[in-house]
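Scope of the values below: all heavy atoms of this structure, side chains included, with no hydrogens, waters or symmetry mates. It should be emphasised that the depicted structure is a prediction, and the values quoted were computed from it without experimental measurement. As the structure lists them, so they are numbered: ligands from 1, and atoms in each ligand from 1.
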Amino acid sequence: MEAIAPDLLARLKSAKHVAVLTGAGVSAESGVPTFRDAQTGLWAKFRPEDLATPEAFRRSPKLVWDWYQSRSYSVAAVEPNQGHVALAVMQDLFPQFTLITQNVDGLHERAGSRKVIELHGNILKHKCLDCGMPLSLTDAPPGSPPACPCGKSCYRPDVVWFGENLPIEALDAAQAAARDCDVFLSVGTSTVVYPAAELPFSAQRRGAAVVEINRDATPLSAQADYVLRGASGKILPLIIDALQAD
Ligand code: BV8
């Protein structure tokens, strides 16, 4: 992986507001399968996009519930990696810093990031499918999924499924940060899921320098001002080291 380009470093050092969008690639080095990695086990024959929908949950509640439970256990069993830790350090290096994530694994908070904008919810949180009441798994009756105390429906994971609107306050905050920032880092995301994928393009239209940090090419690569090709767990600490060098 090449060093951080001097002009990118200069942009970062003079930035008043840095915004970061992360995707599943940031959690890959913690051992969390990325969203489009091949599914394993019981769900090997399903595409994630086909399970992460309200229709799939209504059609096969136990299958979808168990998939989320299995993902929750694997997330609880892993640790944040050097990429998460670097972003937690980065939040104190700029006058304003906004971390926006598509990830539902809660690893940014566990690494010490504050005020994380979770665009797609959090797999460790639950709510009622019907009344939307927040629910705790520790109080849940037996069942896959458990019944909600409201008596009308059942627990569901508090994540945003395909075809569902994003939480409006989270989306508004993310879009405001994209419009306002001087540098926008897009890290570990395939840049295919909207409206999150629009954020780096929106930032660039408003004059921000857009940096893609990704192991592979994405639809953003050709348009990004900088492309740092490689693992986020290696590249993000390099950026911290360069910023703190003198
Ligand atoms: C909505 C929660 C209004 C659930 C998720 C406009 C245009 C086209 C389509 C649409 C559009 N507007 C809406 C749509 C439809 C849809 C959509 O975008 N579909 C896509 C597939 C085309 N969007 C929606 O439905 C959204 N809702 O817009 O509401 C509406 C309402 C009704 C009708 C229409 C519109 C809701 C989207 C949210 C879905 N929920 N997650 C769950 O997790 O189970 S999205 C899911 O994908 C995850 O959150 C994931 O984070 C996200 C994006 O994926 P990535 O994070 O990018 O992960 P991926 O595996 O794809 O890529 C990993 C990347 O990392 C790769 O590039 C890889 O190379 C790289 N990498 C791997 N290792 C590393 C690495 N990089 C660096 N270092 C490494 N070590």
Give a yes or no on whether the backbone of Gly233 and the side-chain of Gln82 come within a donor-acceptor separation of less than 3.5 Å.
->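 No, because the side chain of Gln82 does not come within donor-acceptor range (under 3.5 Å) of the backbone of Gly233.
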Measuring from the heavy atoms of [X], does anything fall under 4.0 Å of ligand 1?
X: Ile235; value: no
X: Pro48; value: no
X: Pro195; value: yes

May I ask you to identify the nearest protein heavy atom to atom 54 (O) of ligand 1, giving residue, atom name and distance to one decimal place in Å?
->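 Minimum-distance protein heavy atom for atom 54 (O) of ligand 1 reads Arg36 NH1, 2.9 Å.
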Of [options], which has the heavy atom at the shortest distance from [atom]?
atom: atom 4 (C) of ligand 1; options: Val160, Val26, Val104; answer: Val160
atom: atom 5 (C) of ligand 1; options: Glu29, Gln102, Arg47, His120; answer: His120
atom: atom 69 (O) of ligand 1; options: Thr22, Asp216, Asp105, Leu119; answer: Asp216
atom: atom 65 (O) of ligand 1; options: Ser186, Ser27, Gly188, Ala197; answer: Gly188
atom: atom 26 (C) of ligand 1; options: Trp67, Trp161, Tyr194; answer: Tyr194

Numbering as shown, the atoms of ligand 1 that approach [X] to under 4.0 Å (heavy-atom distance):
X: Ala28; result: 73 (N)
X: Gly230; result: 77 (C), 78 (N)
X: Glu164; result: 1 (C), 26 (C), 27 (N), 29 (O), 36 (C)
X: Ala24; result: 55 (P), 56 (O), 58 (O)
X: Thr34; result: 60 (O), 72 (C)
X: Asn103; result: 51 (O)
X: Tyr68; result: 4 (C), 42 (C), 44 (O)
X: Arg71; result: 42 (C), 43 (O), 44 (O)

Step-by-step side chain to side chain contact (heavy atoms under 4.5 Å, CB included) determination, Leu220 to Glu212 | CA-CA 7 Å; Leu220 176 65; Glu212 177 174 76; 3.6 Å; yes
Indicate whether any N or O donor in one side chain lies under 3.5 Å from an N or O acceptor in the other, for His84 and Ser27.
->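 Checked: His84/Ser27 side chains pair up, N/O donor to acceptor below 3.5 Å.
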If a pair satisfies salt bridge (charged side-chain N to carboxylate O under 4.0 Å, His left out) and one of its residues is in residues 4-18, list it, with sequence neighbours excluded.
->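 Output for this query lists Lys13-Asp246.
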May I ask you to decide if the ring planes of Trp161 and Phe57 are parallel, tilted or perpendicular, using 30° and 60° as cut-offs?
->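 Rings of Trp161 and Phe57: tilted, 30 to 60°.
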In a check of side chain to side chain donor-acceptor pair (under 3.5 Å) between Thr98 and each of His17, Gln91, Lys115, which one passes?
->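 Single pass found, and it is His17.
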